Amino acid sequence: MASLSFKHIYKKYPGGVTAVSDFCLEVKDKEFIIFVGPSGCGKTTTLRMIAGLEEITEGELFIGDRLVNDIAPKDRDIAMVFQNYALYPHMTVFDNMAFGLKLRKVPKEEIKRRVEEAARILDITHLLDRRPKALSGGQKQRVALGRAIVREPKVFLLDEPLSNLDAKLRAGMRAELTKIHKRLGTTFVYVTHDQIEAMTMASRIVVMKDGVIQQVDTPQNLYDYPVNSFVAGFIGTPQMNFVNSTLTKKGNDVYVNFSGHSVKLPEEKAKAPELAEYIGKEVIIGIRPECLHDEDRYLEQFPDAVIEATVDVTELMGAEIYLYLTTGTEEEDNISNLVARVSARSTTKAGDTVKIAMDTGRLHIFDKDTEQCVIH
């Protein structure tokens with residue numbers, strides 16, 4: 001098993017394009033770490049540098065205690081699972097899984113043992129005699145995983161392995177991958193643009209944007225304590241609501257003013273020393289959809305944080321309803337759009353004017369210029 005250490009890694013292409021910039025990270029042994037971010041943020045390039053498929057322009061990469069910058073991919077003791085499975089169509093599942101071991105001149109009995117063990121772990125023993133064209137997408141993905149498992153590598157690299165599967169199969173495979181990771185006790189480095197995959201599987205998440213690490217933390221901490229508005233907006237479905245606002249102070253109380261509303265901040269937030277320099281200035285407030293409520297008990301609980309809004313659209317999601325809201329007036333050019341995630345018992349419907357209570361204890365305030373979080 002192995003840890004990974006990235007020390008000031010850069011990847012620069014001809015023409016001045018920098019795909020990855022000053023990437024510093026320590027990945028612990030047996031950790032399940034996920035790189036997440038929009039397309040083009042450098043996450044796959046970073047994975048390919050670990051694999052040795054891309055040269056590192058600057059910096060040092062260690063797998064365990066070994067510097068691997070100039071070590072060939074085959075000698076790095078890693079295994080990679082690709083997005084498109086990359087199975088050999090003319091070979092059986094058994095031969096696909098055994099191919100890498102045969103190239104390494106592993107004895108036949110050992111090959112048989114490893115392939116059968118991996119097939120048992122992945123529940124594909126009954127598929128060993130089939131060829132890839134006779135397999136479903138989920139089965140092909142398991143075979144690709146099996147081919148990596150038989151190598152018994154120190155590090156598994158997975159490049160968007162679930163993106164070709166349908167939604168139901170993807171959900172099932174997420175749980176399977178988590179179980180496989182626990183069973184193998186190996187370091188997993190996983191790349192995806194799907195933040196749901198990241199939130200449900202990772203022990204830690206690396207959020208990337210434009211080749212730069214934005215934040216590295218546990219899924220829950222990323223959700224609750226994002227360092228900037230990019231992370232706040234990227235993690236969570238539906239995404240966090242962002243509203244341009246102004247902070248004002250009356251006595252010891254601090255208010256957030258937007259779209260004709262004045263919402264009082266809780267005492268612990270109002271007293272935060274970081275907030276002092278923003279009084280009288282424009283800020284961006286962020287609040288998650290589940291922190292906006294239309295039930296009477298919340299209107300009573302947060303009497304100083306009630307706004308009025310028009311319901312544009314409702315989306316029934318089964319266990320909950322998403323309310324798409326507009327607040328403010330067109331004449332004053334101060335309209336704000338919000339999404340609330342409310343109970344499925346809610347009777348609110350499109351066209352209604354409703355009172356919405358904001359759980360201001362979970363309100364985030366961001367600097368308008370730097371987009372950094374001022375207080376959580």
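Because the structure is predicted, anything quoted here is derived from the model rather than measured. We use all heavy atoms of the structure for the numbers below, so side chains are in, but hydrogens, waters and symmetry mates are not.
- We find the OG1-CD distance between Thr200 and Gln195 to be 9.5 Å, quoted to the nearest 0.5 Å.
- Under a 3.5 Å cut-off, the side chain of Lys12 and the backbone N or O of Ser21 do not form any donor-acceptor pair.
- Between Phe230 and Phe234, the ring-plane angle classifies as parallel under the 30° and 60° cut-offs.
- Inter-residue side-chain proximity for Ile78 and Val68 is flagged as unmet; no heavy-atom pair is nearer than 4.5 Å.
- Here Asp95 contributes atom CG and Arg131 contributes atom CZ; the two are 8.0 Å apart, rounded to the nearest 0.5 Å.
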query: Given Glu315 and Tyr324, is the side chain to side chain contact (heavy atoms under 4.5 Å, CB included) satisfied, shown in steps?
result: CA-CA 8 Å; Glu315 285 183 350; Tyr324 291 82; 3.1 Å; yes

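- Within the 4.5 Å cutoff, the side chain of Leu103 has no heavy atoms near those of the Lys74 side chain.
- The closest donor-acceptor contact from the side chain of Thr218 to the backbone of Asn221 lies under 3.5 Å.
- With rounding to the nearest 0.5 angstrom, the CG atom of Leu145 is 6.0 Å from the CG atom of Leu158.
- Between Lys112 and Glu109 there is no salt bridge, since no side-chain nitrogen of the basic residue lies less than 4.0 Å from a carboxylate oxygen of the acidic one.
- Distance NZ/Lys249 to CG/Leu265: 11.0 Å, rounded to 0.5 Å.
- Between the side chains of Ser3 and Asp29, no donor-acceptor pair of N or O atoms lies under 3.5 Å.
- Note: Met201 CE to Leu177 CG = 5.5 Å, rounded to the nearest 0.5 Å.
- A donor-acceptor pair under 3.5 Å links the side-chain atoms of Asn69 to the main chain of Leu61, judged by distance alone.
- The closest donor-acceptor contact from the side chain of His293 to the backbone of Ala340 lies at 3.5 Å or more, if one exists at all.
- The aromatic rings of Phe188 and Phe156 are tilted relative to each other, their planes meeting at an angle between 30° and 60°.
- No side-chain donor from either of Asp304 and Tyr255 sits under 3.5 Å from a side-chain acceptor of the other.
- The residues Glu117 and Arg114 are annotated as not salt-bridged, no charged nitrogen and carboxylate oxygen being separated by less than 4.0 angstrom.
- Within the 4.5 Å cutoff, the side chain of Val374 has heavy atoms near those of the Tyr278 side chain.
- For the atom pair Ser245 OG and Asn257 CG, the distance stands at 8.0 Å (nearest 0.5 Å).
- Within a 6.0 Å sphere centred on NZ of Lys271, other residues, nucleotides and ligands contribute 12 heavy atoms or fewer.
- For the pair Leu338/Ile307, a side-chain contact is recorded, criterion being any heavy-atom separation below 4.5 Å from C-beta on.
- Contact record, Asn96 with Tyr88: OD1-N, 2.8 Å, taken as the closest heavy-atom pair.
- Remark: the backbone N or O of Ile365 is not paired with any side-chain donor or acceptor of Lys269 at under 3.5 angstrom.
- Looking only at side-chain heavy atoms (C-beta outward), Val81 and Gln141 come within less than 4.5 Å of each other.
- Side-chain contact check for Asn228 and Gln214: at least one donor-acceptor pair (N or O, by modelled atom type) lies under 3.5 Å.
- Counting heavy-atom neighbours within 6.0 Å of Asp65 CG, excluding the residue itself, gives a total of 12 or less.
- Using a 4.0 Å cut-off between a side-chain N of Lys or Arg and a carboxylate O of Asp or Glu, Glu54 and Arg48 qualify as a salt bridge.
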- prompt: Is there a salt bridge (charged side-chain N to carboxylate O under 4.0 Å, His left out) between Asp352 and Lys349 once you walk through the steps?
  reply: CA-CA 6 Å; Asp352 287 354; Lys349 56 188 186 297; 3.8 Å; yes

task: Could you walk me through whether Leu247 and Val256 pass side chain to side chain contact (heavy atoms under 4.5 Å, CB included), step by step?
output: CA-CA 5 Å; Leu247 291 183; Val256 173; 3.6 Å; yes

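- Gln139 approaches Ala134 most closely through the heavy-atom pair OE1-O, 4.3 Å.
- Shown here for Asn241 and Val339, the closest heavy-atom pair between the two residues is OD1-N, 2.7 Å.
- At a threshold of 4.5 Å between non-hydrogen side-chain atoms, the residues Phe6 and Ile213 do not count as touching.
- Using cut-offs of 30° and 60° for the angle between ring planes, the His376 and Tyr225 rings count as perpendicular.
- The closest donor-acceptor contact from the side chain of Ser336 to the backbone of Ser259 lies at 3.5 Å or more, if one exists at all.
- Glu160 has its side chain out of reach of Glu197: every pair of non-hydrogen atoms, C-beta onward, lies at least 4.5 Å apart.
- The two residues Leu101 and Val150 have their closest heavy-atom pair at CD2-O, 3.7 Å.
- We find that Glu300 and Arg297 are not joined by a salt bridge, their nearest charged nitrogen and carboxylate oxygen being 4.0 Å or further apart.
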- request: Kindly determine whether Val143 and Arg147 satisfy side chain to side chain contact (heavy atoms under 4.5 Å, CB included), including the steps that lead there.
  value: CA-CA 6 Å; Val143 175; Arg147 186 175 54 192; 5.6 Å; no

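- In this structure, Met199 and Thr237 have side chains that are not in contact, with every pair of non-hydrogen atoms separated by 4.5 Å or more.
- When all heavy atoms of Ser343 and Ile321 are compared, the closest pair comes out as O-CD1, 3.9 Å.
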field: Audit row: Ile111, Lys102, side chain to side chain contact (heavy atoms under 4.5 Å, CB included) steps and yes/no
entry: CA-CA 8 Å; Ile111 291 175; Lys102 286 177 181 175; 3.7 Å; yes

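- A donor-acceptor distance shorter than 3.5 angstrom exists from the side chain of Arg288 to the backbone of Tyr223, with no hydrogens or angles considered.
- For the residue pair His8 / Glu58, no side-chain donor-acceptor distance below 3.5 Å is found, with atom types taken as modelled.
- Closest non-hydrogen pair, Cys24 versus Lys7, comes out as SG-C, 4.4 Å.
- A donor-acceptor contact shorter than 3.5 Å links the side chain of Thr186 to the backbone of Leu184.
- In the model, Thr187 has no side-chain atom that pairs as donor or acceptor with a side-chain atom of Glu31 under 3.5 Å.
- Judged purely by atom type and a 3.5 angstrom limit, Arg130 has no side-chain atom pairing as donor or acceptor with the backbone of Val93.
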